[in-house]
Amino acid sequence: MNELENRLSDYIDSLNEEQEPEQQWGVADTPEMEKLLATVRTVRTLKEPAMPDTGYPERLAQAVTAQVTASKGSQEKQKRAAGRRSPRWVFPSVAALAAGLLIFAILSAWSGLFNGDVVYAMEKAVARLSNYHGIMEMRTQNAAGEEWPVRQVELWWEGEKYAMRQEDGTLTVNNGERKWQVRPESKVVALLPVVPDPVKTGFDLRDEAARATKYPHHVVGTEFIAGREATKLEILPPGGLPYHLWIDTETHLPIQLQTAMENSLQTTYTFAAFEPDTKLDANMFVFQVPEGYELEEEDPGQLVVAVEEAAAISRLSPLLPQEAPERIFAFEDRIVLDYGDTVIVETAAEGSLEPVPNSALGTAAGGPLEVWWERLRWHQGGLEIQVEGPKRIQLARQIAPDLALPDTAMDLVSKAQVKVPVELELVKANQQQVDRGSSPWQLDPLQVAVTFVNLEVTPEGIQGEPEIPFSAFKVTENNGIQARVEVTGGPIKQVYLERLIRQDETGIWTVVGYDPR
Amino acid sequence: MFVNTVDVMNKLKKNDPREIEQICKATWESLYRFIYYKVQNRQEAEDITQETYVKALNYLKEHEYADQNFLGFLRAIALNVIRDRWRQKKRRGIPVNFENINPLATMTQDHQKEVVQRILLENALAKLSRDQRMVIDLRIIKGYSVAEAAKQVGKTEAAVRTAQYRALKNLAELLAENPETGVTKQ
C-alpha cells in the first residue's frame, strides 16, 4: 500500500514541477494505478494552465510561418524553434550539465526563464502567511512625474479578520462575526454588514498572487523597495497595459504594486513596513465601544442559527440549497447564506430582472440568468437570488436545477447578412481607452449597437437624442463572447457584436455584422 | 473569438507570412489552453500547439474545408497530434491510457463538455470529506509539496500521502459514475 501511495505522490510532484512523469518511468502499470493517475489529471484541469512566457506567441508565429511557407527541405531546420529554448531533460553528463548551465546563464539574464518559480514561491508564501501587520503607502504620479501627497493606511490581517486604520484615525475592523468602524472625528462606532465585504479584497495579498499566476508575466529585474531586495515582475493582462509587481526575494511576498499609467495617472502601493507572522494584539479584533462614543447601527444583520429565524426577521420565504451554509445572517430586507468563500443573498424580487449591461446571459428557473464576473443572479419564486464566489454554480444549481450557463461555443455572429470590416488595431486602441476609464459605454453591447445603428442613419453624427431610440433595441442573446441585438425600427433589424480583445467583463464590444431590414 | 476557416483559407492563398503570423497570434491562447488541459505539461503543450498549426495550415493550403469553425478544426488536429504522441510513448514501453477521444465531436462540443466535466468534478469533490478535499486542493490544485501540505493540515507526511491516496480512490469511483468526466470504470 505504501508503495502505491508513494508512487502516486511522486506522480503528483512531477506534474506540479511541470515534468512529464511518464517519460521518466512507467508508473501506470496496473489498471488501478492508471485510474488514479487519470483522476489526478482530471482534478488538475481545475487549475489554471501554466502559460508560456510572454515571447512565446511571437516565436510560435515565426516558427509556424517559416514551416508553412518554407520548402520541405528547410522545414526540418525550423522545427521546434518556438517550443523551448533550453533542453527539457538534462542528461546526467558533465558536458550536458555545463552546457545547460551556460544556456541558463545567458537566457535567464533577459528572458525570465524561471518566472514560474518566482510566482510559484509567492503563491506558496502568501498561502502560508498566518497574519501580518503593515503600513501601506499609496503614491499617485501623473505623466509629468508630479506626485500627489502620499497616503498611508495601517493594516492588521489574520485569516478572515482584518483591521485598517486610515490617516484620519478611522478604524475599520471585520472579525469574521462583526464588522464595525470607529470614527474618532464624530465619536461614533458604526456597525456594518459583515458580508459581503468589498474592502477585504482591496489589500488581500492572495488576490495579487492569484492575478500574477493568471496573466502572462515575466521578470524584468531586481530592485530595492523599502530597503528590501525585490524581484520586479511585469504582468500583462490580455489586451491591457502592463503593470508591475515587486516580490520580496527573502519572504517571497508581494511588497509593491504599481498600476499601469492610465489617464496619465499611475498609483504605487508599497508596504513601507511589513511584519509577517507576528504577534497581533488579540483585543484588536474584539468589538467594544470606547467611552464617550455613540453606537450607530446601519442594519448590520443578525447571525441566526436557523433559517426559520432568518425568514421571520426578513419576512421572506428563502429558497435553500441542499448544502447547509456555515452561517446565516438575517437582515430586515434580505437573507445572507455564508459558505465561506461563496455567499448567497436573497431579497424580494421587484419587477423583472435587469441584467447589468456587460453581463452574459443564461437561463434559470424559466427566466434570464445574469452571469457577471464571479456572480450569478436570477429571479425565482418571488425572490431575487444572487450567488457570488467560486462555488456559485454548484450552489445555484441546488436552488435552480434547470440553471443553464451561457453557451460560449455557440456561434451567434456568422449568420450576419452584412459583415462589418474590423480594424483590429483600432479596436485594441479602443480597449486601452476603456481600460483607462474613458468611453465605458463600449462595455455595453446595447449602447454599442445603438451608436452603430444611429451612425448608419445619421452618418454626420448623433445630435441630441438618437433617431432610433434606446427603447427600440433589445439584447436577445449574449454568451459573453458574442451577442445579438434586435432593433424594432429603422434600416437595420439585427446587430451582431463580438468581444474581440478580451472575453471577460472588461472587454469591449465591436459590431461585426448586421441584417438590413 | 470565432475565427472562420474560410477567412483563414483566403489569407493563406495570399501567401503573405504576415497573414499566417496574425492567424497564430489571434488564436494561439485558446488552442494552447485546450492542449494544456489534455497533456498537463507546459513544454509539451507548447510543442503540440506549434505542430498543430503547421499541420492545420499546411492542410488548408492544399484542401478545401467546409466547416467554418477554425478553432474547432485546430482542436481536432491537436487531439490527433496528442494521440500520435501517446502511441509513440506506448511503443517505447511507457504505459499510457488512451482516452476515448472523438475528434469530430470535439470540434463542436468540447467547450460544453469542459463545462459539464468541471461541474461534475466539483460536485464529486464536494462529496469527499473535508480533510480529503483539503489534501486534494493543497497537493493538486495549489501544487504544494507533501511536506508543505502536511504543515498546512497539521498531519505527518505519511498521513498526507495516505489521505491523498484514499481521496483519489474515492474520487475515481465518484467520477466513474459519470462517463463525461473522462475517468472510466474498470
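Chain letters run A, B, ... following the sequence lines, proteins first and then strands; every chain starts at 1. Values below: every heavy atom of this structure, side chains too, minus hydrogens, waters and symmetry copies.
Neither the backbone nor the side chain of B/Ile23 comes within less than 4.5 Å of any heavy atom of chain A. Using a 4.5 Å cut-off between heavy atoms, B/Leu125 touches chain A through its side chain atoms alone. With a 4.5 Å cut-off on non-hydrogen atoms, B/Tyr144 touches chain A through its backbone and its side chain both.
Among the candidates A/Glu323, A/Glu58, A/Met410, A/Lys391, the residue making the largest number of heavy-atom pairs closer than 4.5 Å to chain B is A/Glu58. Of the listed residues (A/Glu123, A/Glu17, A/Arg44), the greatest number of heavy-atom pairs within a distance under 4.5 Å of chain B belongs to A/Arg44.
A distance of 11.0 Å separates CD1 in B/Ile141 from CG in A/Asn16, rounded to the nearest 0.5 Å. To the nearest 0.5 angstrom, B/Trp28 atom CH2 is 8.5 Å from A/Leu60 atom CG. The structure places CD of B/Gln50 at 10.0 Å from CZ of A/Arg59, a figure rounded to the nearest 0.5 Å.
Using a cutoff of 4.0 Å between basic side-chain nitrogens and carboxylate oxygens, B/Glu148 and A/Lys124 are scored as salt-bridged. In this structure, A/Lys35 pairs ionically with B/Glu173, as a charged nitrogen and a carboxylate oxygen lie closer than 4.0 Å.
Residues B/Glu122 and A/Leu46 have side chains in contact (heavy-atom distance under 4.5 Å, counting atoms from C-beta outward). Contact of the B/Ile140 side chain with the A/Val40 side chain is registered, since non-hydrogen atoms from C-beta on lie closer than 4.5 Å. Under the 4.5 Å side-chain criterion, counting only non-hydrogen atoms from C-beta, A/Glu5 is not in contact with B/Gln164. Side-chain atoms of A/Ser9 and B/Arg139, non-hydrogen and from C-beta on, do get closer than 4.5 Å to each other.
Using a distance-only test at 3.5 Å, with no hydrogens or angles considered, no donor-acceptor pair links the side chain of B/Tyr36 to the main chain of A/Met51.
The two residues A/Pro52 and B/Arg42 make their nearest non-hydrogen contact at CA-NE, 4.0 Å. Of all non-hydrogen atoms in A/Gln394 and B/Asn123, the two that sit nearest each other are CG-OD1, 3.6 Å. B/Arg33 approaches A/Pro49 most closely through the heavy-atom pair NH1-CD, 3.6 Å. When all heavy atoms are compared, the tightest approach of B/Tyr165 to A/Glu32 is OH-OE2, 3.0 Å. The two residues A/Asp13 and B/Ser145 make their nearest non-hydrogen contact at OD1-CA, 4.5 Å. The minimum heavy-atom distance between B/Ala172 and A/Thr39, with the atom names listed, is CB-OG1, 3.3 Å.
Remark: the B/Gln40 side chain and the A/Arg41 side chain contain no N/O donor-acceptor pair separated by less than 3.5 Å.
Around the NZ atom of A/Lys415, the shell of radius 6.0 Å holds no more than 12 heavy atoms that belong to other residues, nucleotides or ligands. Atom NZ of B/Lys25 is surrounded by more than 12 heavy atoms from other residues, nucleotides or ligands within 6.0 Å.
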